[in-house]
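Numbering starts at 1 and runs along the sequence shown. Start at 1 and go down the list; that is how both ligands and their atoms are numbered.
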Amino acid sequence: MGRQPRLPSVMSDPLTNRGTAFTAAERDRLGLVGRLPDAVLTLDQQARRAYEQLRRQPDDLAAYINLEQLHDRNEVLYYRLLTDHLTELLPIVYDPTVGEAIKTYSHEYRRPRGVFLSIDRPRDLRRSFEELELGADEVDLVVVTDAEQILGIGDWGVHGIQISVGKLAVYTAAAGIDPARCLAVVLDVGTDNETLLNDPLYLGVRHSRARGERYDAFVAAYLDTVSELYPDALLHFEDFGAGNARRFLERYGERYRMFNDDMQGTGAITLAAVRSALNVTGSRFGEQRVVVFGAGTAGVGIADQLREAMVRDGLDKDEATRRFWLVDRPGLLLDDMDGLRDYQRGYARPKGEVEDWAGGADRAGGDTGHAADQGIDLLTTVRNVRPTVLIGTSTVRGAFTRQVVEEMAQHVERPVIFPLSNPTEKIEAMPADLLRWTGGRALTTAGIPVDPVEVEGVRHVIGQANNALVYPGLGLGVVVSRAERLTPGMLLAAAEAVAGQVEGGGPGAPLLPQVENLRASSAAVAVAVVRAAVEEGVARVAPDDVVQAVQDAMWQPVYGETPRSSG
Ligand SMILES: NC(=O)C1=CN([C@@H]2O[C@H](COP(=O)(O)OP(=O)(O)OC[C@H]3O[C@@H](n4cnc5c(N)ncnc54)[C@H](O)[C@@H]3O)[C@@H](O)[C@H]2O)C=CC1
Ligand SMILES: CC(=O)C(=O)O
Ligand SMILES: [Mg+2]
């Protein structure tokens, strides 16, 4: 076993490394002579080899690890692979496999990617960024999580860094956000996950989750620091706990260029999917009755955006609010309940409304489908409300039972049913079942990717209602327009652009664009977002030719000019 020669930084930095694709002249100029086997491969050939290696992995988690290792060696090659096989690989680097990877992070750890900020070392916060030596105009996007509610799998402490990494991979693969201009961050504020705290190999801060003033001050210091160091960057918040996600967006959304993906991104993609479903049914937003099962960050974020659509459709805000029924752990949310969260209160139904409901207000969940802890359960709600739209953001697998779905389908011709919880182990119902139970009448999507399904001779292609179909284009639009803020008009423009990308219609057609067309649909979203930013007066750059400006801004996974020296 010999000595491993030191590799010049041009090879050890995944942003500049091209491995066996360095030409003889580059090897000579960059100090790589003797560091590589003789052959010079093209990016195509490298991609073929990398894909062969990937295909040999025994399962999805192994494929994830293999891809992350490539990510850490050669970013151009990694993104080339991702863009060439987007439909196949998005579920690996992102939802649902990223959930598995997050659970096993401390054990599968190989090398760090991203910025780790510890609440026990607040004085290191600024330094952690400064030592990256990135200029004020060199960062477009920072994705941060505190990992309290990762997807639907809960609190994963420092492991959450991989959701920031995964979200960024999608930004680049889907919308060509330059990976050299992005940062993934975790705020490691401790964890209440006892499995992690009792694991000797756990890599995070080893205490329970900090809350209250200390936690708030840490988040405030984070925002202060990143916005000062990178004044043009979009500050993306991911997978914070329900109360915090909303609180920070409300407190800071006007002050910083901030985006909460779980509220705003999920709201926008769901709005797009409902828009598309209404194109099929020929009805209007203002006519819908919406039941949301799981009134947390995503559920209420969705309700807010659908409510705005109803208001644009002519309802006043109170009328629109009355078209929503939110069901959470205590059952249907009623105005006399103790313990409602601030963000739920506005949607709580008057207690009097339910007194003569079949089942009644005092009825415990019991035999009526998925049991609520107490109060009025989902089945009773559906039976009495006769919703046209049913949204699942509860993390409760199987909550949309056959009974619930058949009840809904008795009263509407085309029930719109979106089980949005991630990952697969949390989904409220599989779209195939929704279609079978309704004889193909359900208009459905899911947060995870699912295969087409044939029901009664019709092949149904299921769109993926995941915020990944909207946030990359939204981010690109912010980058191109250098928007000062992310406004409701920009979110709406993004949602409408996604819905506008849906082809054709016809029996079994998906409600959302296909992932294989994600680059094109993200570009269309970006164009709409730039135009909205200009119209709303928040754009600091107003390109003459928006379409071309968006194309020009998209980073491509190709080897460009080589660095002049190994640096
Ligand atoms: N498809 C997409 O793009 C997105 C999907 N999601 C998914 O939505 C789910 C929820 O995520 P968040 O809103 O961030 O979490 P959250 O914790 O803020 O909300 C979940 C809500 O469901 C409620 N819930 C839990 N058990 C319940 C039960 N037995 N009955 C009724 N309600 C119950 C909780 O009390 C909470 O209010 C996750 O699975 C997540 O992956 C979230 C964001 C985007
Ligand atoms: C997709 C996403 O953001 C979530 O499930 O939390
Ligand atoms: Mg999320």
K.L.:
Distance check, rounded to the nearest 0.5 Å: L187 atom CG versus F240 atom CZ?
P.N.:
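If we round to the nearest 0.5 Å, L187:CG and F240:CZ are 5.0 Å apart.
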
K.L.:
Please name the pair of heavy atoms, one in A497 and one in A528, separated by the smallest distance, quoted to 0.1 Å.
P.N.:
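Shortest heavy-atom contact: CB-CB, 3.7 Å.
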
K.L.:
Counting only heavy atoms, tell me which of G241, G296, G392, A268 gets closest to atom 21 (C) of ligand 1.
P.N.:
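The option holding the nearest heavy atom is G296.
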
K.L.:
Among I462, T444, L434, find the one that has a side-chain contact (heavy atoms from CB on, under 4.5 Å) with V453.
P.N.:
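For V453, the side-chain contact (heavy atoms from CB on, under 4.5 Å) check succeeds only for I462.
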
K.L.:
Quick check: does E238 put an N/O/S atom under 2.8 Å from the Mg ion (ligand 3)?
P.N.:
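Yes - counting backbone and side chain alike, E238 has an N, O or S atom under 2.8 Å.
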
K.L.:
Heavy-atom contacts with D262 under 4.0 Å: which atoms of ligand 1 show up? List them by number with element.
P.N.:
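By the 4.0 Å cutoff, the relevant atoms are 43 (C).
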
K.L.:
Of T380, T381, V291, which is the lone residue that meets side-chain contact (heavy atoms from CB on, under 4.5 Å) with L332?
P.N.:
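Answer after filtering T380, T381, V291: T381.
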
K.L.:
Do K103 and N193 get their side chains close enough for a donor-acceptor pair, meaning under 3.5 Å?
P.N.:
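Short answer, no.
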
K.L.:
Does any N/O atom on Q149 come nearer than 3.5 Å to any N/O atom on ligand 1?
P.N.:
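For ligand 1, there is an N or O atom that lies under 3.5 Å from one belonging to Q149.
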
K.L.:
Would you say ligand 1 has an N or O under 3.5 Å from any N or O of T297?
P.N.:
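Yes, T297 has an N/O under 3.5 Å of an N/O on ligand 1.
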
K.L.:
Counting distance only, does the side-chain N/O of N466 pair as donor-acceptor with the main-chain N or O of G447 below 3.5 Å?
P.N.:
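Pair found, side chain donor or acceptor close to backbone of G447.
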
K.L.:
Tell me which N, O or S atom from D239 is the closest to the Mg ion (ligand 3).
P.N.:
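Within D239, restricted to N, O or S, the Mg ion (ligand 3) is closest to atom OD1.
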
K.L.:
Is there side-chain contact between T270 and Q305, with at least one heavy-atom pair below 4.5 Å?
P.N.:
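Side chain of T270 against side chain of Q305, heavy atoms only: no contact under 4.5 Å found.
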
K.L.:
Contact between S208 and T191 at the side-chain level, heavy atoms closer than 4.5 Å - yes or no?
P.N.:
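They are not in contact (no side-chain heavy atoms under 4.5 Å apart), so the answer is no.
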
K.L.:
Do the rings of Y252 and Y256 sit parallel, tilted or perpendicular, given the 30° and 60° boundaries?
P.N.:
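Rings of Y252 and Y256: tilted, 30 to 60°.
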
K.L.:
In Å, rounded to the nearest 0.5 Å, how long is the span from CG of L151 to OH of Y94?
P.N.:
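Separation between the atoms: 7.0 Å.
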
K.L.:
Considering both backbone and side-chain atoms of L420, is one of its nitrogen or oxygen atoms within less than 3.5 Å of a nitrogen or oxygen in ligand 1?
P.N.:
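Yes, there is a polar N/O contact under 3.5 Å.
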
K.L.:
Could an N or O of ligand 1 be found under 3.5 Å from any N or O of P423, whether backbone or side chain?
P.N.:
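Checking ligand 1 against P423, no N or O pair falls under 3.5 Å apart.
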
K.L.:
Does the plane of the ring in F248 sit parallel, tilted or perpendicular to the ring in Y215? Use 30° and 60° as the thresholds.
P.N.:
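Because their plane-to-plane angle lies in the 30° to 60° range, the rings of F248 and Y215 count as tilted.
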
K.L.:
For ligand 1, which atoms have a heavy atom of G447 less than 4.0 angstrom away?
P.N.:
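Result: 1 (N).
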
K.L.:
Give the numbers and elements of all ligand 1 atoms closer than 4.0 Å to a heavy atom of T395.
P.N.:
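Counting from 1, the qualifying ligand atoms are 9 (C), 10 (C), 38 (C), 39 (O).
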
K.L.:
Quick check: G152 and ligand 1, any N/O pair under 3.5 Å apart?
P.N.:
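N/O-N/O distance below 3.5 Å exists for this pair.
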
K.L.:
Please list, in number order, the atoms of ligand 1 under 4.0 Å from a heavy atom of A242.
P.N.:
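That gives atoms 18 (O) of ligand 1.
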
K.L.:
Please state which part of R329 comes within less than 4.0 Å of ligand 1, counting heavy atoms only: side chain, backbone, both or neither.
P.N.:
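Both backbone and side chain.
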
K.L.:
Check ligand 1 against A295 and write out every atom of the ligand that is under 4.0 Å from a heavy-atom position of the residue.
P.N.:
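Counting from 1, the qualifying ligand atoms are 37 (O).
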
K.L.:
Which atoms of ligand 1 have any heavy atom of N466 under 4.0 Å away?
P.N.:
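The list of qualifying atoms is 1 (N), 2 (C), 3 (O).
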
K.L.:
Can you sort out which atoms of ligand 1 are near S394, meaning under 4.0 Å from one of its heavy atoms?
P.N.:
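Reading through ligand 1 atom by atom, the close ones are 22 (O), 24 (N), 25 (C), 26 (N).
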
K.L.:
Under 4.0 Å, heavy atoms only, figure out whether ligand 1 is touched by the backbone of D328, its side chain, both or neither.
P.N.:
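The part of D328 near ligand 1 is both the backbone and the side chain.
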
K.L.:
Under a 3.5 Å threshold, I'd like every N/O contact between ligand 2 and protein atoms, with atom names and distance.
P.N.:
{"residue": "ligand 2", "atom": "3 (O)", "partner": "K167", "partner atom": "NZ", "Å": "3.0"}
{"residue": "ligand 2", "atom": "3 (O)", "partner": "E238", "partner atom": "OE2", "Å": "2.9"}
{"residue": "ligand 2", "atom": "3 (O)", "partner": "D262", "partner atom": "OD1", "Å": "3.1"}
{"residue": "ligand 2", "atom": "3 (O)", "partner": "N467", "partner atom": "ND2", "Å": "2.9"}
{"residue": "ligand 2", "atom": "5 (O)", "partner": "N422", "partner atom": "ND2", "Å": "2.8"}
{"residue": "ligand 2", "atom": "6 (O)", "partner": "D239", "partner atom": "OD1", "Å": "3.1"}
{"residue": "ligand 2", "atom": "6 (O)", "partner": "D262", "partner atom": "OD1", "Å": "3.0"}

K.L.:
What are the atoms of ligand 1, with element, lying closer than 4.0 Å to any heavy atom of V396?
P.N.:
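Taking each heavy atom of V396 in turn, ligand 1 has 26 (N), 27 (C), 28 (C), 29 (N) under 4.0 Å.
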
K.L.:
Counting only heavy atoms not in D335, do more than 12 sit closer than 6.0 Å to its CG atom?
P.N.:
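More than 12 within 6.0 Å, yes.
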
K.L.:
Should we say atom CZ of R386 is surrounded by more than 12 heavy atoms from elsewhere, each under 6.0 Å from it?
P.N.:
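Open: at most 12 neighbouring heavy atoms sit under 6.0 Å from CZ of R386.
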
K.L.:
Report the part of A465 in contact with ligand 1, treating N, CA, C, O as backbone and CB onward as side chain, heavy atoms under 4.0 Å; options are side chain, backbone, both, neither.
P.N.:
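It is the backbone that touches ligand 1; the side chain stays farther off.
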
K.L.:
Would you say Y471 and Q264 make side-chain contact, with heavy atoms under 4.5 Å?
P.N.:
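Not in contact.
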
K.L.:
Could you tell me which N, O or S atom of D262 is nearest to the Mg ion (ligand 3)?
P.N.:
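Going by distance to the Mg ion (ligand 3), the closest N, O or S atom in D262 is OD1.
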
K.L.:
Just do the side chain to side chain contact (heavy atoms under 4.5 Å, CB included) check on C182 and I177 with the steps written out, would you?
P.N.:
CA-CA 8 Å; C182 300; I177 302 274; 3.5 Å; yes

K.L.:
What's the separation between atom CD1 in I161 and atom CD1 in I102, rounded to the nearest 0.5 Å?
P.N.:
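I161 CD1 to I102 CD1: 10.0 Å, rounded to 0.5 Å.
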
